[in-house]
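First comes the structure, then the notes that go with it.
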Amino acid sequence: MQLSRFMLTMELVAKSIESSDLNFSRYGDTFFEVVFVGGRTQPGTIKPEEEGDRHPYSVLDCAAQREAILPSVLYIQKTLRRRPFLIKNLENVMRKFLQSLEFFEENERKKLAIFTALAFSQKLSGLPPETVFQPLLKDNLVAKGIVLSFITEFFKGYLKENSLDDLIGLLKKGKMEDNLLDFFPSAKRSSEALSEHFTKEGLTSLVEYNDKKMFEVKLKEIKSTLTTMINDEAEISEVIETVKQQVKYAKFPDIEVIRMLWDVLMEAVQWSGKNQQQNSNSALRQVKAWAELLNAFCTSGRLELELIYKVQTQCYEDAKLMKLFPEIIRTLYDQDALAEDTILLWFRKGSNPKGRQSFVKALEPFVKWLEEAEEEE
C-alpha cells in the first residue's frame with residue numbers, strides 16, 4: 001500500500017514537472033540532482049543548496065530497498081523517452097555522484113548502488129556502462145574500500161533480476177570483465193581475496209566466473225611459453241622443468257595439464273595441406289619426439305587414461321588424424337608414455353563414446369599382440 005502511494009505521488013510529481021515551464025535543455029543536470037538528492041546541489045559538491053525546499057521523494061530519501069527506489073527509475077525512464085537528450089545530463093550527475101561516494105553516508109551509497117542496478121535492469125534508455133564503472137576507479141575511493149562495498153551492492157541488486165551472463169555482458173561493455181580486482185584495495189587485490197569476499201556476500205556465481213577467467217589467462221600463458229620452446233627445439237628436460245614450475249604456480253589440475261600438453265603438441269605440427277601421408281608422418285614424428293614430455297606428467301594410470309581420451313577425441317574430430325589413432329597409441333606405448341594396463345583398460349571399458357567403435361576395431365591387432373605378450377610372460 002505504501003509503495004502504491006509512493007508511485008502515485010511520483011506520478012503527480014511527474015505531471016507537475018511536465019506541465020511546468022522548466023527549461024530541460026538548460027537545467028537538465030539540476031533536474032537529476034533534484035531526483036537524486038531532493039534539491040539543487042552546490043557547485044563542486046553533493047550538498048543541496050541551503051536556499052529553497054527539498055522535496056521528500058528523492059532517491060536518497062527512499063528506503064534502501066528495490067521496491068522503494070524502483071518508482072524513481074521508472075519515472076526517469078519515462079522522462080528519457082520523452083526527452084532523449086537528457087541522457088547526457090543523467091550521465092553527468094551520476095558520474096559526479098559516483099566520483100564523490102566518500103561524501104555520502106554508507107546507507108546512501110547503498111541506495112545509489114540499488115538505483116544503478118535497477119537502471120541497468122530496466123535498460124534505462126542509452127545509459128552506457130562505462131558511465132558507472134570508470135568513475136568508480138578513483139584511487140582514493142578504491143583504497144578506502146568504498147568502491148568494493150558499492151560494486152558488491154550493485155552486483156547483488158542486478159543479479160536479483162538478471163543472469164550472470166547479463167552481468168558479464170554489462171561488464172564487457174564497461175571494459176571491466178577482466179578487471180574485477182581493480183575494485184579491490186591494493187592490499188586485497190588477489191584471487192583468494194576476491195573469492196573470499198564474494199563468497200561471503202553470496203555471489204558464488206561471480207567467483208566461479210572469475211576462477212574460470214583466471215584459469216583461461218594462465219592456460220594461455222603456459223601454452224604460449226610451451227609453443228615457443230617447442231618451436232625453438234629446446235631441450236626436453238628444460239621444457240619439462242619450465243612446465244612444472246608454471247603448472248605449480250598456476251595450481252593447474254593435473255588432468256588439465258595433460259589436455260593442454262596434447263593440444264600444444266598437435267598445434268605445433270607442421271601440417272602439409274591436403275597431403276595426408278605427410279600429415280600422418282608429421283604427427284607421428286611429433287608424438288615420438290615429445291613423448292618424454294607427456295610421460296613426465298602422466299604419473300598415474302588415471303592420467304594415462306585421460307591422455308588416451310584426449311587422443312581419441314582429437315582423432316575423432318580432426319580428419320587429418322582419423323586413421324592415426326592406433327599408430328599414436330602404439331608410439332606412446334613404445335615411448336613409455338602409456339602402460340599396457342591402461343591401454344587394455346581403455347580397450348575393454350573406455351567411457352568416451354566418440355568414435356569408440358571404430359577405434360576399438362582399429363586397435364584390436366595391437367591389443368591382441370599385447371595380450372599374447374602378456375600370456376607368454
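Here, residue 1 is the first one in the sequence, and each next residue gets the next number.
Residues passing the salt bridge (Lys or Arg N to Asp or Glu O under 4.0 Å) test with Asp182, sequence neighbours excluded: none. Residues satisfying the salt bridge (Lys or Arg N to Asp or Glu O under 4.0 Å) test with Arg109, not counting sequence neighbours, are none. Residues passing the side-chain contact (heavy atoms from CB on, under 4.5 Å) test with Glu91, sequence neighbours excluded: Ile87, Lys88, Arg95, Leu127, Pro128, Thr131. Annotation: salt bridge (Lys or Arg N to Asp or Glu O under 4.0 Å) contacts of Glu256 (sequence neighbours excluded): Arg259. Listed by chain and number, the residues in a ring-ring contact (aromatic ring centres under 6.0 Å, His included) with Phe120 amount to none (sequence neighbours excluded).
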Show me the donor-acceptor pairs, under 3.5 Å and distance only, between side chains in residues 350-359 and residues at least two apart or in other chains.
unit_1, atom_1, unit_2, atom_2, d
Ser351, OG, Tyr309, OH, 3.2
Asn352, OD1, Lys354, N, 3.0
Asn352, ND2, Thr313, OG1, 3.0
Lys354, NZ, Glu317, OE2, 2.8
Arg356, NE, Gly350, O, 3.4
Arg356, NH1, Trp346, O, 2.9
Arg356, NH2, Trp346, O, 3.2
Arg356, NH2, Phe347, O, 2.8
Ser358, OG, Gly355, O, 3.0

Could you pull out every donor-acceptor pair under 3.5 Å between side chains of residues 245-252 and any protein atom, sequence neighbours left out?
unit_1, atom_1, unit_2, atom_2, d
Gln245, NE2, Glu241, OE2, 3.4
Gln246, NE2, Thr225, OG1, 3.4

Give the table of side-chain donor-acceptor pairs shorter than 3.5 Å for residues 132-142, with sequence neighbours excluded, one pair per line with atom names and distance.
unit_1, atom_1, unit_2, atom_2, d
Gln134, NE2, Gly174, O, 2.9
Lys138, NZ, Gln99, O, 3.2
Asn140, ND2, Glu102, OE2, 2.8

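A side chain to side chain donor-acceptor pair (under 3.5 Å) check over residues 205-218, counting only residues at least two apart or in different chains, returns the pairs Asp178-Lys213. Residue pairs that meet the side chain to side chain donor-acceptor pair (under 3.5 Å) test with at least one member in residues 161-177, sequence neighbours left out, are Arg66-Glu161, Ser121-Asn162, Ser163-Asp166. The stretch residues 187-196 participates, sequence neighbours left out, in no side chain to side chain donor-acceptor pair (under 3.5 Å) pair at all. The list of ring-ring contact (aromatic ring centres under 6.0 Å, His included) pairs with a residue in residues 168-197, not counting sequence neighbours, reads Phe184-His197, Phe184-Phe198.
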